[in-house]
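So the structure is just underneath, and the comments pick up after that.
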2 protein chains.
Amino acid sequence: MRNKVSLKDIAQKVGVSTAAVSYALNKGKEGKVSDEMAAKIRAAAKELNYQPNQIAKSLKMGRTNTLGLILADVSNPFFSSIARVIEDEAKEHGYTVIFGSSDEKPERSWDLINVLLNRQVDGVIIVPSESSEEQILYLKEQKVPFVLIDRYFPEIPSSFVALDNHRAAYEAVMHLARMGRRRIGMLAYKTNLYHMQERKRGYQEALLDVGLTMSKNWLKEVKYGDIKNGVKNAIDGMLSNGEPIDALFFATNTLAINGLKYIDKLKLKVPDDLAIVSFDEGEAFDFYYCPLTYVRQPVYEIGKGAVQLLLDQIESSNGRIGQIQFDPELIIRKSSGA
Amino acid sequence: MRNKVSLKDIAQKVGVSTAAVSYALNKGKEGKVSDEMAAKIRAAAKELNYQPNQIAKSLKMGRTNTLGLILADVSNPFFSSIARVIEDEAKEHGYTVIFGSSDEKPERSWDLINVLLNRQVDGVIIVPSESSEEQILYLKEQKVPFVLIDRYFPEIPSSFVALDNHRAAYEAVMHLARMGRRRIGMLAYKTNLYHMQERKRGYQEALLDVGLTMSKNWLKEVKYGDIKNGVKNAIDGMLSNGEPIDALFFATNTLAINGLKYIDKLKLKVPDDLAIVSFDEGEAFDFYYCPLTYVRQPVYEIGKGAVQLLLDQIESSNGRIGQIQFDPELIIRKSSGA
DNA sequence: TATAAATAGTTAATCGTTTAAAATACGATT
DNA sequence: AATCGTATTTTAAACGATTAACTATTTATA
């Protein structure tokens, strides 16, 4: 149907072997073929609009110049921003990206890994979902180059690019404390993933360090699959008791967006009734009537770092692992009562 | 380094030819191989954790079960939402997606098309950028199955999935007029792309139909490459003159977000000083102090429709074109003065 | 002049599949 | 026993590239 032009066609037209064509087109310099012959071949290639069949090339060469990218969800701006950076950085080095969204489900993530490996990607960048440890171990065992981003498993040595989540949460909460808040709540996801554990640990440690004793229902967790309802119940819980919170720290942008919508519905005023700090950024945070204080993640650096670590592994093919941890940046605006 | 297990290994282990293995694994039913042999082979395959090499398969079969996706920019939520839908829908049918962002630049789009075709994708879904007509014609000439989304070229017959942009703009502006606005401006992109032309035409026609004569500087266009500054100047222009606008229609979400930030800086109050309607949706629109009235695009239906049209072309391999045009939905909220 | 070295090009194997065609086995039919 | 038919399995070519190894030709060297 299409792309009929192959090495053979050029060879035929010029009257040489396909090998000559291949040499001429690939190693222009290295004197495998005379200059005039090379010129003739290149002219013919151009005339026929020859485009090499990467599939054939990949099969022979054992590399596809393709990277796999497994995100939690492309439609989440945080991840799609990273995807864009990764795309650009990969292209810069001659790589194409195949992607997929795991939806935080390990089965989907397994599926994606298999699809990507069957397609012989040269390496993978993964936002690992909960309970995907065995998948990561499998990748190691199979010696597939990979880099984890956003999260990682501390007990499994591997390359990763992430934020110092503990510190990020610690500083966010410290900031709220410094603003005079004393009953600080945190809304997180119910998951064992390390990044979330670290954020919770940071929160708790900060409270401890400023001498505040945390009430049981200040730290609530909602399930990824039931965000809207979960957020509502969680916030109700934080407010209902004898010690209603006067500040709330959201562990992700999605939680913040859902949470703030509910807080508005309750007619609570930010920051007077409730001070807010969130993770991640977003246009929505700028547009909120009281601009949000948030923990900024260096999206560009994360994406770029991930690609670099990955290409490093691929190209040096020693299983050298690299780990990059970024420091958080707290963008302080009105919502935290500053 | 990895994925060492091939048909040959299974064949060796069981003591048959690779052909037998291939038959057993693929056409279980069609009695090419005895049931017991098939069972033995499948057992061995499982034991060795055999994963077929899709690259080799693709080369032989002439199809990759891969779709190419060219967006203007994955990091734009409108496009990333579509990407997610396309991903899911493609997966549903056994296809994987390779993507790229054109950044509205025809050179980048050419690049991407070549990359995708060299990788032998079975078809492409494209958000075409300005001046990419020749690329589309090339795809037709090469008989590459493709579907355009969001925009299309009316003079080039092709499959597409889009919104009735004329009607969308017409209704948006009509709504503003009905709300009593008389000096309605529109902020658009400077581009010949049909969807934008249609949006402008809808705007102008609506003004005409309600008997308003448009002032020259009510309709402003900004360049994609210079949004921030362009928006600022455009809005200044709309306000400065003897006839400052009392309503503004934004042609895209990005324009709206930038525009509203500037409008806030000017301390204009929405909707009293200025009524607003925008295209597309976004969390940001919900969070604006005065929730935005907007033209909703059926993202899910667009993505799903595109994949279906494309698979149709691929699988029936007659160049049958399909065109889907959705009706807009105006979500009316406070910003338009309702 | 004989021979080595450099140059230019070809042959053929290979990557991991699929699949048409040929080969083999084996029981049934005459 | 010869023949046929059916079921099963193997052979080998093909997809489109790359590349080691070989051949043939020219040029340089002793």
Side-chain angles (χ1 to χ4, degrees), chain A residues 1-42 44-45 48-66 114 117-122, chain B residues 1-42 44-45 48-66 115 117-122:
Chain A
M1 85 172 183
R2 66 163 209 271
N3 220 14
K4 334 166 75 67
V5 187
S6 72
L7 279 192
K8 205 193 279 183
D9 298 305
I10 302 179
Q12 222 136 48
K13 185 176 167 91
V14 182
V16 292
S17 69
T18 62
V21 179
S22 177
Y23 284 128
L25 261 30
N26 294 317
K27 354 229 147 186
K29 281 294 108 196
E30 313 167 29
K32 266 306 248 183
V33 76
S34 71
D35 288 355
E36 41 182 349
M37 193 75 261
K40 227 188 285 183
I41 289 173
R42 274 192 280 268
L48 296 177
N49 184 31
Y50 168 70
Q51 299 288 134
N53 181 326
Q54 291 295 341
I55 296 290
K57 193 169 192 156
S58 296
L59 178 60
K60 183 78 228 294
M61 307 281 266
R63 66 201 319 275
T64 52
N65 278 275
T66 302
N114 280 323
L117 294 190
N118 293 352
R119 285 186 151 69
Q120 315 293 122
V121 295
D122 297 331
Chain B
M1 83 172 183
R2 70 164 206 271
N3 220 15
K4 334 165 76 68
V5 186
S6 71
L7 281 191
K8 206 193 279 184
D9 299 305
I10 301 179
Q12 223 137 47
K13 184 176 167 91
V14 181
V16 292
S17 70
T18 63
V21 179
S22 177
Y23 284 129
L25 261 30
N26 294 316
K27 354 230 150 185
K29 282 294 107 196
E30 313 169 30
K32 275 299 258 182
V33 74
S34 71
D35 288 354
E36 42 182 347
M37 192 76 262
K40 228 187 284 182
I41 290 173
R42 274 191 281 267
L48 297 178
N49 184 31
Y50 169 71
Q51 298 289 132
N53 181 326
Q54 292 294 340
I55 295 291
K57 192 168 193 156
S58 295
L59 178 60
K60 184 80 228 295
M61 308 279 267
R63 67 203 317 278
T64 53
N65 278 276
T66 302
V115 167
L117 294 190
N118 293 352
R119 286 186 150 69
Q120 315 294 120
V121 295
D122 296 331

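Chain letters run A, B, ... following the sequence lines, proteins first, then strands; residues in each count from 1.
What separates NZ of A/K40 from P of C/dG9 is a distance of 9 Å, to the nearest Å. Separating the CG atom of A/L117 from the P atom of C/dG16 is a distance of 15 Å, rounded to the nearest angstrom. Atom-to-atom, NZ of B/K32 to C1' of C/dT19 comes out at 8 Å; the value is rounded to the nearest Å. Atom CG in A/L25 sits about 13 Å away from atom P in D/dT19, given to the nearest Å. If you measure from atom CD1 of B/I10 to atom P of C/dG16, you get 13 Å, rounded to the nearest angstrom.
Judged by distance alone with a 3.5 Å cut-off, no donor-acceptor contact links the side chain of B/K60 to the base of C/dT17. One N or O donor and one acceptor, one from the side chain of A/Y23 and one from the base of D/dA20, sit under 3.5 Å apart.
Each of B/T18 and A/A56 lies near DNA chain D, and the nucleotide nearest B/T18 is the one positioned closer to the 5' end. Between B/A20 and B/L59, the residue whose closest nucleotide on DNA chain C is further toward the 5' end is B/L59.
Panel note: side chain A/S22, backbone A/T18; no donor-acceptor pair is recorded below 3.5 Å. Put simply, the side chain of B/D122 gets close to the backbone of B/T64: a donor and an acceptor are under 3.5 Å apart.
Across all strands shown, A/K57 has heavy atoms under 4.0 Å from sugar-phosphate atoms exclusively, and none from any base. Among the protein residues, A/S34 comes within range of the sugar-phosphate backbone only, with heavy atoms under 4.0 Å from sugar or phosphate atoms but none that close to a base.
When only modelled atom types and interatomic distance are considered, B/Q51 and A/N118 share a side-chain donor-acceptor pair under 3.5 Å. For the 3.5 Å distance criterion, the side chains of B/T66 and A/R119 qualify, holding a donor opposite an acceptor.
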